[in-house]
Amino acid sequence: MRRVKRALPLVAAVLALGVPLSGCGNESGARGGDVSAGASSGVGSGRQEEQGQEKGKGRDQEMDMQEAAERADAMLDAVLKGIDPDVRWAHGPTTTRACGVTRRRAVMTVVSPERRQTFLDRAETFWRKNDYRIKAVNKDDKFPAVYAVTRSGFGVSVSFRGKGQAFLEADTPCVKESKVAAPASEPNGPAYEGVYPLPRPDVRSDFWSGEGEGEG
């Protein structure tokens with residue numbers, strides 16, 4: 001008991017002088033550990049996030065960009081064949097992004113304002129029959145459009161833009177990076193290779209270029 005009594009004044013003196021005990025050393029270590037853990041955690045979480053973006057962004061690990069572009073081409077070929085009467089078309093520019101591709105077609109047939117909604121309706125009907133999901137429909141008088149998506153994550157659209165020209169686009173989902181070749185599909189008119197922007201529509205159609213809402 002005497003030893004305990006003698007020790008108490010010594011501890012009191014140490015505390016009064018503000019000299020840190022061993023526990024305070026741990027607090028300093030803990031603070032350093034917090035900063036280090038935070039920095040380490042930040043770096044780690046950043047790496048994990050990047051890996052998550054690479055693996056979890058809907059990326060199709062079984063398909064590369066070339067294969068996805070070919071599938072996009074086939075989708076555009078199919079919807080153009082589904083639009084009756086047929087129209088003249090040409091390839092638009094291909095663009096690539098971090099892990100996807102966009103293929104484009106430009107319609108070279110003159111589609112009159114009276115026939116634009118019919119054109120969109122036929123594309124939409126084709127997509128619905130083939131299990132595409134219609135994502136959005138723009139009923140604008142001058143620049144109408146329809147957008148659809150597939151179960152595998154491909155997005156397709158038909159839209160009318162400047163001078164009433166119709167454009168078709170297909171966007172691939174995120175896939176493995178690879179080189180992308182030019183489309184293999186042959187346009188049913190002039191190819192306009194190396195020409196950009198493409199000419200305005202210059203092909204007349206008895207149905208598409210005509211007036212009225214009648215069926216063709």
Side-chain angles (χ1 to χ4, degrees), residues 43-84 86-87 89-108 111 116-117 119-140 143-162 165-188 191-194 196-198:
V43 172
S45 63
R47 287 176 181 169
Q48 290 172 1
E49 184 178 353
E50 288 176 7
Q51 292 172 356
Q53 289 174 350
E54 291 297 313
K55 294 182 180 178
K57 248 177 163 184
R59 176 174 292 217
D60 188 335
Q61 296 293 333
E62 301 303 320
M63 183 185 301
D64 64 24
M65 292 169 73
Q66 176 59 38
E67 292 168 329
E70 291 171 2
R71 185 176 295 186
D73 290 334
M75 292 167 59
L76 294 177
D77 287 339
V79 70
L80 282 165
K81 289 177 181 176
I83 295 174
D84 183 53
D86 63 351
V87 293
W89 62 270
H91 286 293
T94 294
T95 55
T96 59
R97 51 192 187 278
C99 57
V101 183
T102 300
R103 293 290 212 199
R104 297 177 175 85
R105 307 277 175 93
V107 174
M108 307 309 294
V111 181
R116 290 172 193 168
Q117 190 57 54
F119 189 93
L120 295 176
D121 288 345
R122 294 189 180 178
E124 181 177 344
T125 298
F126 172 83
W127 287 332
R128 288 187 185 278
K129 285 181 177 178
N130 288 275
D131 295 327
Y132 289 64
R133 180 173 65 85
I134 302 305
K135 187 176 180 180
V137 176
N138 182 351
K139 295 284 189 178
D140 186 84
F143 306 116
V146 59
Y147 305 87
V149 293
T150 70
R151 292 181 180 180
S152 55
F154 285 76
V156 288
S157 67
V158 178
S159 60
F160 283 89
R161 302 178 193 169
Q165 187 167 19
F167 292 89
L168 295 90
E169 292 188 4
D171 295 310
T172 75
C174 194
V175 293
K176 292 188 294 186
E177 186 177 1
S178 71
K179 293 182 178 180
V180 179
S185 304
E186 291 290 337
N188 59 359
Y192 299 109
E193 292 184 11
Y196 186 80
L198 293 172

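All residue numbers refer to positions in the sequence shown, counting from 1.
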>> Run Thr125 and Arg128 through side chain to side chain contact (heavy atoms under 4.5 Å, CB included) and show every step you take.
In response: CA-CA 5 Å; Thr125 298; Arg128 288 187 185 278; 5.9 Å; no
>> Is there a side chain to side chain contact (heavy atoms under 4.5 Å, CB included) between Thr172 and Met65? Walk through the geometry before answering.
In response: CA-CA 8 Å; Thr172 75; Met65 292 169 73; over 6 Å; no
> Between Lys176 and Met63, is a side chain to side chain contact (heavy atoms under 4.5 Å, CB included) present by the stated rule, with each step listed?
Replying inline: CA-CA 6 Å; Lys176 292 188 294 186; Met63 183 185 301; over 6 Å; no
>> Walk me through whether Leu168 and Val156 qualify under side chain to side chain contact (heavy atoms under 4.5 Å, CB included).
In response: CA-CA 7 Å; Leu168 295 90; Val156 288; over 6 Å; no
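Looking at every heavy atom in both residues, His91 comes nearest to Pro183 through CE1-CB, 3.3 Å. Between Ala90 and Pro187 the shortest heavy-atom distance is CA-CB, 4.1 Å. The two residues Val158 and Ala123 have their closest heavy-atom pair at CG2-CB, 3.9 Å.
Here CE of Met75 is found 8.0 Å from CH2 of Trp127. Values are rounded to the nearest 0.5 Å. Residue Glu124 holds its CD atom at 4.5 Å from CD1 of Ile134, rounded to the nearest 0.5 Å. In this structure, Leu198 CG and Met108 CE are separated by 6.0 Å, a value rounded to the nearest 0.5 Å.
By the 4.5 Å heavy-atom criterion applied to side chains, Asp64 and Val175 are not counted as neighbours. Inter-residue side-chain proximity for Glu169 and Thr102 is flagged as met; some heavy-atom pair is nearer than 4.5 Å. Side-chain atoms of Val149 and Tyr132, non-hydrogen and from C-beta on, never get closer than 4.5 Å to each other. Taking 4.5 Å as the limit, every side-chain heavy atom of Pro197 sits out of range of all side-chain heavy atoms of Tyr192. Contact annotation: the side chain of Pro144 never approaches that of Lys139 to less than 4.5 Å [non-hydrogen atoms, C-beta and beyond].
Taking the ring axis of Phe167 as reference, the NZ or CZ atom of Arg161 stays within 45° of it and closer than 6.0 Å to the ring centre.
Less than 6.0 angstrom separates the ring centroid of Phe119 from the ring centroid of Phe160.
The salt bridge (charged side-chain N to carboxylate O under 4.0 Å, His left out) test with Asp77 is passed by exactly one of Arg103, Arg71, Arg105: Arg105. For the side chain to side chain contact (heavy atoms under 4.5 Å, CB included) with Phe126, the lone residue among Val79, Leu80, Asp121, Ile83 that qualifies is Val79.
Without hydrogens or angle criteria, Asn138 side chain to Val146 main chain gives no donor-acceptor distance under 3.5 Å. The backbone N or O of Ser178 sits nowhere less than 3.5 Å from a side-chain atom of Gln66 that would complete a donor-acceptor pair.
No donor-acceptor contact under 3.5 angstrom links the side chains of Ser157 and Ser159, judged on distance only. Between Thr95 and Arg104, the side chains place a donor N or O and an acceptor N or O closer than 3.5 Å (distance only, hydrogens not considered).
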